[in-house]
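Here's the structure we're looking at; comments come further down.
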Amino acid sequence: MNYWLMKSEPDVFGIDHLAAMPEQTEHWDGVRNYQARNMMRDQMKVGDQVFFYHSNTDVPGIVGLAEVVKEGYPDFTAHDPDCKYYDPKSSPDNPRWFMVDIKLVRKLKRTISLREMKDLAEGPLEGFRLLGKGNRLSVMPVEKEYWDYILGLE
DNA sequence: GCCAACGTTGGC
DNA sequence: GCCAACGTTGGC
């Protein structure tokens, strides 16, 4: 089993949106970055655990846990000209972008803020990719030692 | 293949 | 709103 962190803007699709979905499950569309795509297409497996992270908000941080319930399949929003994620270079026959489905496990009792994690960047969270300089990846792997430590902060 | 221009992400 | 980081595009 592997561990991941996925970023989303709460105004666009936050943890409460996920909680309100049927089965508390949603497909993770709109990722248009090759590194993130490769992880969703090739590496994320059913049962993998996910930190749900809120970005671009007052208190950025981890707000919930989710799990992968469907492995990589074509992101059909790339094929809808009316969708903001439309990409004419992708097609159903030759899809360029992929997504997974995730299901809410639970919301955290409190937000584990980026600020709090940064303060640990030279200690227990040294090397955690989220804290690296200029990291903009919206999907990233989380090593188990970091996963366990961060959950322990809750 | 290089690299300048441009666009996006995301914290602050 | 600003701006650093950095990925992508396209001319050459």
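Chain naming here is simple, since letters A, B, ... match the order of the sequence lines and numbering starts at 1 in each. Below, each value reflects all heavy atoms present in this structure, side chains not excepted, and no hydrogens, waters or symmetry copies. The structure displayed is predicted, hence computed values, not measured ones.
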- Item | Rounded interatomic separation in angstrom, taking CZ from A/Arg32 and P from C/dT9 | 13 Å
- Nearest heavy-atom contact between A/Lys109 and A/Glu154 is N-OE2, 2.8 Å
- Nearest-neighbour nucleotide for the A/Ser55 side chain, C/dA5, C/dT8, B/dG10 considered: B/dG10
- Query: Can you tell me how far C1' of C/dT8 sits from CG of A/Asp87, to the nearest Å?
  - Reply: 12 Å
- Derivation and outcome, ring-ring contact (aromatic ring centres under 6.0 Å, His included), residues A/Tyr73 and A/His27: CA-CA 10 Å; A/Tyr73 64 106; A/His27 52 266; 7.3 Å; no
- Note on the structure: The answer to which of A/Asn56 and A/Gln35 contacts DNA chain C further toward the 5' end, by nearest nucleotide, is A/Asn56
- Compare the minimum distances between each of B/dG11, C/dT9, C/dT8 and the side chain of A/Lys89, then state the nucleotide with the smallest one. C/dT9
- Query: Can you check the A/His54 NE2 to B/dC12 P distance for me, whole Å?
  - Reply: 17 Å
- Item | Side-chain N or O of A/Lys7 closer than 4.0 Å to phosphate OP1/OP2 of B/dT9 | no
- Item | Interatomic distance, A/Trp97 CH2 vs C/dT8 P [rounded to whole Å] | 7 Å
- Should the pair A/His17 and A/Phe13 be assigned to parallel (<30°), tilted (30 to 60°) or perpendicular (>60°) ring geometry? parallel
- Please report, rounded to the nearest Å, how far the P atom of B/dC12 is from the NZ atom of A/Lys133. 14 Å
- At under 4.0 Å, does any side-chain N or O of A/Lys118 touch on OP1 or OP2 of B/dC12? yes
- At under 4.0 Å, does any side-chain N or O of A/Tyr53 touch on OP1 or OP2 of B/dG11? yes
- Rounded interatomic separation in angstrom, taking CG from A/Leu137 and C1' from B/dT8: 13 Å
- Query: Considering only heavy atoms from C-beta outward, does the side chain of A/Trp4 approach that of A/Val142 to under 4.5 Å?
  - Reply: no
- Query: When the aromatic ring centroids of A/Tyr34 and A/Trp97 are compared, is their separation below 6.0 Å?
  - Reply: yes
- Whole angstrom is fine here: how far is it from CZ in A/Arg37 over to C1' in C/dG7? 14 Å
- Item | Interatomic distance where CZ belongs to A/Arg136 and C1' belongs to C/dC6 [whole Å] | 5 Å
